[in-house]
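Side chains are part of it too, since the values below use all heavy atoms of this structure and drop only hydrogens, waters and symmetry mates. Residue numbers run from 1 in the order of the sequence given.
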Amino acid sequence: MANRKTPGINTGSMADISFLLLTFFLLTSSINTEQGIPRRLPPPSEKEVDVQVNQRNVFVVEVNFNDEIFAGGEIIPVNQLTYRAKEFLENPLNAPNLPEKDTKLIENMGEYPVSKGVLSLRNDQSTSYNMYVTVQNELQRAVNELRDKVSLQYFGKVYDKLDTALQKSIQKAVPMNISEAPPVNYGKAE
C-alpha cells in the first residue's frame, strides 16, 4: 500500500489576516491618557534663590482639609474665586492694597500697565483632588478672562482667536502668574 500524504491547510494567509486585524484595532481604539494641569515650571536651580515679593502683590488662596477656600482673609465659596482673582489682578483703580503695575512696552500694543500680581495657592494635605483641580481651574479662568478682555479691547477678538504673535503680546500683558506652595497639614479637628 502506498503512503498517501494528507493535505495541509496553508496558514500563511492567516498570519497576514491576524496582523491586519491587530493593526486595525490598535489604530482605531483610543487609549485613555491622564491629563495634567498645564503649568510652566521654572527650570531647576542649583542654588537657593531668595525672591522678595511685596505682600500687596500676592493673592493667597488656601484650601483646608474641609475643602473650604480662604482668600483675601475670609472664607469664600468656589464660585467667587474667579471674580476675586480677576479683581485682584486687574486693580482698575490702582488701590494701594492691590498689586502694583509696571508699565512695559509690548509689541503690537504699545505701553501697557502689567500687573505684578501673583496668585499663590496652598492646599492642605487632605484637600480632595476634585477641589484642588477646581481651584486650579478657577484661578486659570481668571487669567483667561482677563486675557480675553484685553484682547477684545486691543484687537477686537478673544484671545483664542488671535494669531500666535498677538497671543504672545497678550501673554506679556496678562501673565499667568500662579504660584503653588507645597501642601501643608493644617490638622483635622478631632
Roughly how far, to the nearest 0.5 Å, is CG of L26 from CG of L21?
11.0 Å

Neighbour count above 12 (heavy atom, 6.0 Å) for K101 NZ:
yes

Between Y132 and E180, does a side chain to side chain contact (heavy atoms under 4.5 Å, CB included) hold up when you go through it step by step?
CA-CA 11 Å; Y132 170 78; E180 188 169 343; 3.0 Å; yes

Distance-minimising heavy-atom pair for V61 and A71:
CG2-CB, 4.3 Å

Keeping S115 on the side-chain end and E90 on the backbone end, is there a donor-acceptor pair under 3.5 Å?
no

Test side chain to side chain contact (heavy atoms under 4.5 Å, CB included) on R56 and N97; report intermediate values, then the result.
CA-CA 6 Å; R56 81 179 256 194; N97 60 327; 5.9 Å; no

Which heavy atom of K157 sits nearest a heavy atom of K161, and at what distance?
CD-O, 3.9 Å

Step through the shown structure and confirm whether more than 12 heavy atoms of other residues, nucleotides or ligands are within 6.0 Å of OH on Y83.
no

What heavy-atom pair brings V118 and S179 nearest, and what distance separates the two atoms?
CG1-CB, 3.8 Å

So which pairs with a foot in residues 71-80 pass side-chain hydrogen bond (donor to acceptor under 3.5 Å, both in side chains), sequence neighbours left out?
E74-R84

Starting from the C-alpha separation in whole Å, work towards a yes-or-no answer on side chain to side chain contact (heavy atoms under 4.5 Å, CB included) for E100 and N57.
CA-CA 7 Å; E100 303 167 284; N57 295 334; 2.8 Å; yes

Side chains of T134 and N137, heavy atoms from C-beta outward: is any pair under 4.5 Å?
no

Minimal non-hydrogen separation, L139 against A85, with atom names:
CD2-CB, 4.2 Å

Mind checking the OG-CG spacing from S128 to N66? Nearest 0.5 Å is all I need.
10.5 Å

Side-chain donor/acceptor of S120 to backbone N/O of V58, under 3.5 Å:
no

Measure the spacing between CD of E62 and CG of L121 and express it to the nearest 0.5 Å.
9.5 Å

Counting distance only, does the side-chain N/O of N177 pair as donor-acceptor with the main-chain N or O of K116 below 3.5 Å?
no

Could you state the interatomic distance from OH (Y159) to CG (N144), rounded to the nearest 0.5 Å?
8.0 Å

Please report the interatomic distance CE(M131) to CG(D67), rounded to the nearest 0.5 Å.
4.5 Å

Checking L119 against F88 for the side chain to side chain contact (heavy atoms under 4.5 Å, CB included) test, could you report, in this order, the C-alpha distance in whole Å, the side-chain angles of both residues, the deciding distance, and whether it holds?
CA-CA 9 Å; L119 304 174; F88 173 81; 4.2 Å; yes

Look only at the side chain of T82 and the backbone of A142, and say whether a donor-acceptor pair between them is shorter than 3.5 Å.
no

Interatomic distance, L166 atom CG to L162 atom CG [nearest 0.5 angstrom]
5.5 Å

Please set out all donor-acceptor pairs under 3.5 angstrom arising from side-chain atoms of residues 104-112, sequence neighbours excluded.
residue : atom : partner : partner atom : Å
N108    : ND2  : S169    : OG           : 3.2

Answer yes or no: is there a donor N or O on one side and an acceptor on the other, between the side chain of R147 and the main chain of V174, under 3.5 Å?
yes

I'd like to know if the side chain of D124 and the backbone of V63 have a donor-acceptor N/O pair within less than 3.5 Å.
no

